[in-house]
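Here's the structure we're looking at; comments come further down.
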Amino acid sequence: MTSRIILAATLALGTAGAALADVKVNTPGARVDTPAGPVDINVDVGSSMKPTEAWIGRAVYSSDGKNVGEVAAISGDSVYVDVGGFLGIGESRVLLDNGNLEAVQPDRITLKMTEAEVKSLPPTNAEKN
């Protein structure tokens with residue numbers, strides 16, 4: 001019985017050590033000391049949920065992974081997105097507020113909405129460029 005407890009404890013510690021060793025960090029200068037040794041930490045401080053002009057032209061994806069359009073304009077915490085259409089013909093501009101945003105990445109913005117929800121939004125009266 002004692003040998004089973006020791007074996008279970010050894011396996012549990014081995015699994016925990018392996019899990020700690022899988023931590024990946026890519027931020028220069030950041031180090032974390034764990035039982036497995038120093039580990040680099042990947043902290044993405046470049047993404048912000050505050051809309052900026054740098055977002056204009058960035059692809060917009062729905063929560064179900066569909067490319068629904070691209071950012072056309074920014075106004076305060078609101079994001080105007082051109083959705084639908086083909087080569088700029090037949091697309092409509094919809095207004096999204098900051099609460100609709102799930103994630104901001106260098107190449108895309110992901111929404112908390114599905115493709116169907118985005119396409120059902122009413123078009124805005126905002127001027128298209």
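Put simply, CG on Asn100 and NZ on Lys112 are 8.0 Å apart, with the number rounded to the nearest 0.5 Å. Note: Asn67 CG to Tyr61 OH = 4.0 Å, rounded to the nearest 0.5 Å. A distance of 7.0 Å separates OG in Ser62 from CG in Leu111, rounded to the nearest 0.5 Å.
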- Let me see the working for Leu96 and Tyr80 under side chain to side chain contact (heavy atoms under 4.5 Å, CB included), right down to the final yes or no. CA-CA 6 Å; Leu96 301 171; Tyr80 291 93; over 6 Å; no
- Please lay out, stage by stage, how Trp55 and Val81 fare under the test side chain to side chain contact (heavy atoms under 4.5 Å, CB included). CA-CA 11 Å; Trp55 291 12; Val81 177; over 6 Å; no
- Message: Working note: Leu121 + Met113, criterion side chain to side chain contact (heavy atoms under 4.5 Å, CB included); need CA distance, chi angles, decisive distance, verdict.
- Response: CA-CA 11 Å; Leu121 292 171; Met113 307 168 71; 3.8 Å; yes
- Item | Derivation of the side chain to side chain contact (heavy atoms under 4.5 Å, CB included) call for Ile74 and Thr52 | CA-CA 7 Å; Ile74 302 293; Thr52 68; over 6 Å; no
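For residues 98-110, no residue pair satisfies the salt bridge (charged side-chain N to carboxylate O under 4.0 Å, His left out) rule, not counting sequence neighbours. Within the structure, salt bridge (charged side-chain N to carboxylate O under 4.0 Å, His left out) pairs that include any residue of residues 58-74 do not occur (at least two apart or interchain).
In this structure Asp97 satisfies the salt bridge (charged side-chain N to carboxylate O under 4.0 Å, His left out) test with no other residue, sequence neighbours excluded. For Asp77, the side-chain hydrogen bond (donor to acceptor under 3.5 Å, both in side chains) partners two or more places apart in sequence, or in a different chain, are Lys50. Residues that satisfy the salt bridge (charged side-chain N to carboxylate O under 4.0 Å, His left out) test with Lys119, not counting sequence neighbours, are Glu115. Here Ser63 pairs with Thr114 under the side-chain contact (heavy atoms from CB on, under 4.5 Å) rule; sequence neighbours left out.
Closest non-hydrogen pair, Ala72 versus Asp82, comes out as CB-OD2, 3.5 Å. Scanning both residues, Val94 and Val118, for their nearest heavy atoms gives CG1-O, 4.5 Å.
With a 4.5 Å cut-off on side-chain heavy atoms, Val83 and Ser92 count as touching.
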